[in-house]
Amino acid sequence: MKLGEALLQALKARGAGEVFGIPGDFALPFFRCMEESAILPLFTFSHEPAVGFAADAAARVRGGLGVAAVTYGAGAFNLVNPIAQAYSEKTPLVVISGAPSRQERSSGLLLHHQAKALDSQMRVFQEITCDQAVLDDPRTAPALIARVLRSCAEYSRPVYLELPRDMVDVEVGPVPDLAPTPFNAEAMTACAAEILARLKAAKHPVLLPGVEVRRQGLESRVAELARRLGIPVATTFLGRGLMIDQDLPQLGTYLGLAGDEAVREAVEGSDLVLMLGIIVCDTNFGVSGHQLTPSQTVHAVDREVRVGHHTYANLPLPELVEALLSSATTRPAPTLQYARDLPAGLVEDEGPVTPLDIVRGINDLFRASGPMPVASDMGDCLFSALDLVDTDLVAPAYYASMGFGVPAGLGIQAATGRRSLVLVGDGAFQMTGWELGNARRQGLDPIVVLFNNRSWGMLNAFQPGGRFNDLEDWNYAQAADSLGGDGIRIRTRAELGAALRKAHDTRGRFQILDVQLQPGAVSPALQRFVGAVQRLSQPRLA
Ligand SMILES: Cc1ncc(Cc2csc(CCOP(=O)(O)OP(=O)(O)O)c2C)c(N)n1
Ligand SMILES: [Mg+2]
């Protein structure tokens, strides 16, 4: 089999559903191979950041691997930011970069697209991926592909494959199926026993599932564990949208001082917080009223399990969950006091629209017509998304790069066939919103709700008064038609309600709802975060 085809077959066999990419001369043979073999559908964009964001969202929403294919140098370096985000937020994403041929590398010439040296690109990607390989030898390429793709899945992090353009059509053997990386079964048993003993002794245990639970397809098994152990479940800022389809004793989303006080007390006052696949970062725990201590937590992430003050190495999360389930004794379900009533009932009058009105309108639409998968960008839209009804939600809630929303909405529909709803601010839309021009030819038609406050408003909320945050209004609705979609400017709540229903009923063309927000109008969630940060920045009384 040709190396290019062997690689595509191996990706498909391991859960990839499509490739997102932009070609270049170093990648032309691989793009031709993709088109002629049709092993995986190819979706192309106009700028590589969108390629990375779309591949990231595809992996998050569907599971399996996301795939981003680019050319060497100018293409791959454009991809660094989205891959850094995928690394930080633990998305299993495969970067395939075309590269100079073996003959070109030994020509003695400086090659176009190269940076400092021919392997500079590899060195950059070593910082934002968990495994890498150059496929420059047909004898080793299949085994390298197998190893790197296994790392991608087991560590739920991006990986990097460099594919010299003269290698794509070289005959290779099949990519072997590798057994999972082994682990110490005795250590797994001991670890599970120790966790269960701590849970048994705990009076108010809480389970916090994190992104690894979604990335490794463990939501139903973790839900079964919560039910079996009778432990209430809380999600985090980054884990918003997790466990929504599970019949569970759900507390809600833990946001520290910026969230629901009852949820905060349940988590911070717990004598055992079981954190499975959680990233312990500032957006998850930065506004905590009380920082969780090792004595009150068990934390499993990145194949390590920290129990109190000691750590078990190389214990994969899926097997840990099964080990806990196999020995867990059934305990009664917790009596839950917390049921959050989410914003709804948009008043469709002539009043100006606020971010909370947008949430009300979307929640009304989802309750009337069924939820859509949501992609949120960074900005106040991300905080607004916290108050959406339960639905599949992908959002950069930790690395927090702008530009994610529209490409992610396109990636969701490419990967699942489900039309997405995108939440994006005007600043982030200016970065990647124009990728909507690639929607129609590829059969994609997201609904884009644009929070237009004519500013980098979130920054104003944290540090008011900077004129440098002001933006011009580019009249995004007017641009829609030239890009192949429909757009409408919305000034009142009545216009918002009607536009959401019309957009939902219009298929085949993307929809831009350019919602004019009053300057300074922010979501309650962002207001709570700003208040919590200010509260924590006050000198603490001794
Ligand atoms: C790639 C990148 N560059 C800068 C920044 C820093 C930033 C975080 S939030 C923000 C303003 C976002 O403005 P927008 O209009 O989209 O949304 P809103 O605040 O609701 O008005 C900036 C510039 C980030 N996070 N990513
Ligand atoms: Mg804005």
Side-chain angles (χ1 to χ4, degrees), residues 47-54 56-57 77-89 128 237-238 258 281-283 286 352-359 362 374-388 394-409 422-436 448-477 479 489-491 512-530 533:
H47 194 204
E48 284 84 0
V51 169
F53 290 138
D56 183 340
F77 284 123
N78 255 348
L79 202 57
V80 169
N81 181 50
I83 303 308
Q85 175 158 281
Y87 185 90
S88 297
E89 302 196 5
I128 52 176
F237 192 47
L238 184 54
C281 60
D282 56 358
T283 54
V353 182
T354 66
L356 184 56
D357 290 323
I358 295 176
V359 173
I362 294 171
V374 172
S376 176
D377 213 300
M378 178 58 192
D380 193 17
C381 58
L382 178 63
F383 294 89
S384 300
L386 288 168
D387 286 328
L388 286 177
V394 295
Y398 164 36
Y399 181 84
S401 175
M402 289 163 70
F404 179 80
V406 166
V422 175
L423 305 180
V424 60
D426 52 328
F429 189 91
Q430 291 179 359
M431 291 185 177
T432 58
W434 315 108
E435 294 290 349
L436 288 170
V448 177
V449 180
L450 202 160
F451 291 54
N452 189 350
N453 54 16
R454 296 165 300 290
S455 71
W456 290 318
M458 188 182 131
L459 302 184
N460 268 329
F462 281 100
Q463 180 181 293
R467 289 192 311 280
F468 53 80
N469 287 319
D470 295 346
L471 298 175
E472 271 209 308
D473 185 349
W474 290 3
N475 197 337
Y476 309 95
R489 277 167 87 84
I490 292 162
R491 290 180 182 78
I512 295 179
L513 279 59
D514 177 359
V515 184
Q516 304 293 302
L517 297 172
Q518 299 296 314
V522 297
S523 67
L526 178 55
Q527 282 170 333
R528 292 196 302 268
F529 259 87
V530 171
V533 168

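Just so you know, ligand 1 is whichever comes first in the structure, and atom 1 is the first atom listed for that ligand. Because the structure is a prediction, the values reported are computed rather than measured.
The main-chain N or O of Asn452 is found under 3.5 Å from a side-chain atom of Arg454 such that the two form a donor-acceptor pair.
Of all protein heavy atoms, the one lying nearest to atom 8 (C) of ligand 1 is Leu459 CD2, 4.0 Å. Looking from atom 26 (N) of ligand 1 to the surrounding protein, the closest heavy atom is Met402 N, 3.0 Å. Scanning all protein heavy atoms for the shortest distance to atom 11 (C) of ligand 1 gives Trp456 CB, 3.5 Å. With hydrogens left out, the protein atom closest to atom 19 (O) of ligand 1 is Met458 N, 2.6 Å, a heavy atom. Looking at atom 16 (O) of ligand 1, its nearest protein heavy atom turns out to be Ala428 N, 2.8 Å.
Of all heavy-atom pairs between Val406 and Asp377, the closest is N-OD2, 4.5 Å. Nearest heavy atoms, Ala395 versus Leu382: CB-CD1, 3.4 Å. Of all non-hydrogen atoms in Val394 and Ala408, the two that sit nearest each other are CG2-CB, 4.4 Å. Closest approach of Trp456 to Phe468, counting heavy atoms only: CZ3-O, 3.3 Å. When all heavy atoms of Pro396 and Ser376 are compared, the pair lying nearest together is CD-O, 3.2 Å. Between Gly427 and Met402 the shortest heavy-atom distance is C-CE, 3.6 Å.
For a distance bound of 2.8 Å, the N, O or S atoms of Asn453 include one lying that close to the Mg ion (ligand 2). Using a cut-off of 2.8 Å, one finds that Met458 contributes no N/O/S atom close to the Mg ion (ligand 2). Distance check for Asp426 against the Mg ion (ligand 2): an N/O/S atom falls below 2.8 Å.
For ligand 1, the atoms sitting less than 4.0 Å from at least one non-hydrogen atom of Gly425 are 14 (P), 15 (O), 16 (O), 17 (O), numbered in the order shown with element in parentheses. Residue Asp380 approaches ligand 1 through these ligand atoms, each under 4.0 Å from one of its heavy atoms: 18 (P), 19 (O), 20 (O). Interface atoms of ligand 1 facing Asp426, defined by a heavy-atom separation under 4.0 Å, are 15 (O). Close approach to Asn453 involves these atoms of ligand 1, each under 4.0 Å from a residue heavy atom: 18 (P), 20 (O), 21 (O). Proximity to Gly457 (heavy-atom distance under 4.0 Å) selects the following atoms of ligand 1: 18 (P), 19 (O), 21 (O). Less than 4.0 angstrom separates some heavy atom of Ser401 from each of these atoms of ligand 1: 1 (C), 26 (N).
Scanning Cys381, Ala400, Gly427, Ser384 for the heavy atom closest to atom 14 (P) of ligand 1 points to Gly427.
To the nearest 0.5 Å, atoms CZ (Phe404) and CG (Asn81) are separated by 11.5 Å. How far CD of Gln527 is from CG of Asp380: 8.5 Å, rounded to the nearest 0.5 Å.
Ligand 1 lies less than 4.0 angstrom from a heavy atom belonging to Ser455.
In this structure, Phe529 has its ring center closer than 6.0 angstrom to the ring center of Phe237.
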